[in-house]
Amino acid sequence: METPPKTTPQAIRGTQDIFGAEAEAFAHVVETFERVRKLYRFRRAEMPVFEKTAVFSRSLGETTDVVSKEMYSFEDRGGDSLTLRPEFTAGIARAYLTNGWQQHAPLKLATHGPLFRYERPQKGRYRQFHQIDTEIIGVPEPQADVELLVMADQLLKELGVADGVTLMLNTLGDGASREAWRAALVHFFQAHRAELSEDSQERLEKNPLRILDSKDPRDKAFLGDAPKIDDYLSGEAQEFFGKVTSGLDAAGVKWTRAPALVRGLDYYRHTAFEFVTDRLGAQGTVLGGGRYDGLIEALGGPHTPAVGWAAGIERLAMLVGEVPEEQLDIAIVVEADGLDTLATSISTYLRQAGRSVHVVAIGSMRKRYEKAAKFDPRGILVITDQDVEAGHFARLTYKDIAKDKMSDANADAIMQIVSVFYPLGYFCDPRMFQAGEGITLKSHPK
RNA sequence: GCGACCGUAGCUCAGUUGGUUAGAGCGCCGGUUUGUGGUACCGGAGGUCGUGGGUUCAAGACCCAUCGGUCGCCCCA
């Protein structure tokens with residue numbers, strides 16, 4: 001017989017259990033996103049958390065770090081290679097094709113949920129993390145880029161974090177521009193290969209664009225002379241970018257041109273952007289995205305232009321800071337065990353009337369009051385059994401915390417409560433209440 | 001994958017140059033006090049000092065490994 005281990009299994013590295021104010025902040029971000037997304041008429045979508053591995057490897061690019069070393073991939077019992085989604089866009093593109101969502105094009109979608117990446121945990125970086133995400137599929141025009149960016153800007157403003165965050169904007173040009181620029185960059189850096197950092201020498205093979213935002217001083221020395229995207233932009237690409245920037249200006253969205261800004265995933269074209277902050281340590285990007293006109297084709301679909309962005313909920317929540325739980329309206333203290341059902345009637349009524357209620361009915365009397373006070377309610381309603389001769393009397397006392405006394409201001413609240421008791425078999429003399437003495441409920445014989 | 005720092009009661013932490021039965025605050029439980037009750041006081045429960053080795057007469061304190069945490073590199077939201 002095996003002895004059962006006494007140790008409690010630990011949570012998986014890089015996952016988090018959140019609670020209280022932190023969890024409220026998380027919920028606040030999601031709720032704000034939901035509200036804003038409706039303002040822009042983005043429709044909700046839910047996709048599975050895992051997909052066939054090919055969904056990601058084919059769309060993100062085999063050589064990207066995400067695909068090559070950060071995916072949670074595994075074989076299921078049927079032998080298929082599956083992967084926990086490391087991002088939203090690929091799965092959305094797959095769903096778009098698989099479900100014939102083309103019929104709804106142009107389609108504005110919003111979603112949020114958990115993503116998984118096998119990375120070293122760090123501030124603002126987790127193995128299971130959460131994003132909010134929006135996409136516009138089937139619109140080749142720059143207006144889509146603008147609408148998405150304006151929406152992101154409004155979201156950050158409504159969350160109250162906009163002043164600490166700046167929009168860094170760039171264009172990668174169309175496919176041809178991007179390739180020409182990329183080739184020029186490779187050519188340029190190849191000449192200085194030996195002087196680059198080890199990381200960048202590797203990036204030269206896999207993702208040369210990323211050398212541009214290297215923090216290594218050895219690389220930075222060359223950045224100033226590196227080829228600029230602007231010199232490789234086709235006329236069309238230039239015009240496209242111009243429309244994006246003028247749209248942002250028209251909407252009053254502040255932006256900063258960041259010619260070295262590139263995205264880590266292969267599928268981006270034209271517009272690329274990040275909302276960055278310096279308040280999150282090493283994890284500066286709070287919201288990022290761009291246009292990915294080639295992605296849906298890579299998944300075997302027709303050429304379909306699309307734009308989108310995603311933002312880290314944890315990161316936004318950290319910027320938002322403490323979001324206190326809403327104050328409790330009423331704590332009900334039940335002083336005698338026989339009055340449980342009365343407490344249930346009252347609390348049910350109050351909650352249905354939209355008031356938050358906590359019922360305290362266990363522990364010593366002293367503890368009950370102590371607990372009620374700790375809930376920090378607006379008021380405490382005490383249910384006592386007073387003058388009980390036949391066990392048919394109950395007495396209600398309401399204390400308004402702010403006024404520290406029985407309060408007439410809450411007469412309405414209590415009268416409402418009382419009004420429902422009659423059908424429940426109780427009645428009271430309102431004059432008792434008027435005198436500020438609380439209310440004595442008497443049971444009436446039907 | 002690389003580096004730095006850290007890991008003592010439920011929580012936040014003290015624990016002098018290694019040396020008697022490991023402490024505090026908060027929280028929790030019980031009690032006293034306070035004239036409608038978040039106060040004050042008293043008492044109590046709770047830790048094989050992350051885990052496994054090693055050094056030593058002696059380790060929570062030193063060394064190694066391992067697992068976690070935090071932060072940075074990298075990557076990204």
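Below, all heavy atoms of this structure are taken into account, side chains as well, without hydrogens, waters or symmetry copies. Note on naming: letters A, B, ... go to the chains in the order of the sequence lines (proteins, then strands), and numbering restarts at 1 for each one. Since this is a predicted model, take the numbers as computed values, not measurements.
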Base-pairing assignment for B:G52 (Watson-Crick or G-U wobble, both under 3.5 Å): B:C64
Using a 3.5 Å distance criterion without hydrogens, assess whether the side chain of A:R37 forms a donor-acceptor pair with backbone atoms of A:F42. yes
Which part of the nucleic acid does A:E70 contact within heavy-atom distance under 4.0 Å: base, sugar-phosphate only, or nothing? sugar-phosphate
Do any of residues 205-215 of chain A sit with a heavy atom less than 4.0 Å from RNA chain B, and if so which? A:R210, A:K215
For B:U36, which nucleotide in any strand shown is its Watson-Crick or wobble partner with both distances under 3.5 Å? none
Per atom distances to the A:K123 side chain, the nearest of B:G68, B:C75, B:C71 is B:C71
Provide the distance between the two P atoms, one in B:G54 and one in B:C11, to the nearest whole Å. 30 Å
Using modelled atom types only, decide if a donor and an acceptor are shared between the side chain of A:R182 and the backbone of A:N207 within a distance under 3.5 Å. no
Sticking with atom P, work out how far B:A59 lies from B:G52, rounded to a whole angstrom. 15 Å
Assess whether a salt bridge exists between A:R378 and A:E326, defined as any Lys/Arg side-chain N lying under 4.0 Å from an Asp/Glu carboxylate O. no
Taking for each residue the nucleotide of RNA chain B with the nearest heavy atom, is it A:I12 or A:T64 whose nucleotide lies nearer the 5' end? A:I12
Can you tell me the pairing partner of B:A22 across any strand shown, Watson-Crick or G-U wobble, with both distances under 3.5 angstrom? none
My understanding is that a pair needs two contacts under 3.5 Å, Watson-Crick or G-U wobble. By that rule, which nucleotide pairs with B:A77? none
What is the base-pairing partner of B:G43, counting Watson-Crick and G-U wobble geometry with both distances under 3.5 Å? B:C29
At less than 3.5 Å, do the side-chain atoms of A:R366 and the base atoms of B:U32 form a donor-acceptor pair? yes
Suppose you measure atom P in B:C42 against the same atom in B:U33; what distance do you get, rounded to whole Å? 15 Å
Watson-Crick or G-U wobble partner for B:U16, using a 3.5 Å limit on both distances? none
Taking 4.0 Å as the cut-off, does a side-chain nitrogen or oxygen of A:Q283 come that near to OP1 or OP2 on B:C76? no
Starting at the 5' end of RNA chain B and moving along, which residue's nearest nucleotide shows up first, A:D376 or A:D199? A:D376
Is there a donor and acceptor pair, one atom on the side chain of A:R203 and one on the base of B:C75, closer than 3.5 Å? no
Hydrogens and angles aside, do A:Y96 and A:E135 bring a side-chain donor and acceptor to less than 3.5 Å of each other? no
Base B:G72 to side chain A:Q122, donor-acceptor N/O within 3.5 Å cut-off: yes
Hey, is the side chain of A:K374 poking within less than 4.0 Å of OP1 or OP2 on B:C28, counting only N and O atoms? yes
Can you list, in residue-number order, the parts of residues 107-121 of chain A that come under 4.0 Å of RNA chain B, counting heavy atoms only? A:R117, A:E119, A:R120
Which part of the nucleic acid does A:G281 contact within heavy-atom distance under 4.0 Å: base, sugar-phosphate only, or nothing? sugar-phosphate
Pairwise C1' distance, B:C28 and B:U34 [rounded to whole Å]: 22 Å
Base, sugar-phosphate, or nothing: which does A:F129 touch, judged by heavy atoms less than 4.0 Å apart? base
Parallel, tilted or perpendicular: which describes the rings of A:H112 and A:F33, with under 30° parallel and over 60° perpendicular? perpendicular
Separation of the P atoms in B:C6 and B:C13, to the nearest angstrom: 14 Å
Looking across every strand, which nucleic acid part, if any, lies under 4.0 Å from A:G14 by heavy atom: base, sugar-phosphate, or nothing? sugar-phosphate
What's the gap between B:G15 and B:C74 when it is taken at their C1' atoms, as a whole Å value? 39 Å
Describe the nucleic acid contact of A:Q131 in one word from base, sugar-phosphate, nothing, applying a heavy-atom distance below 4.0 Å. base
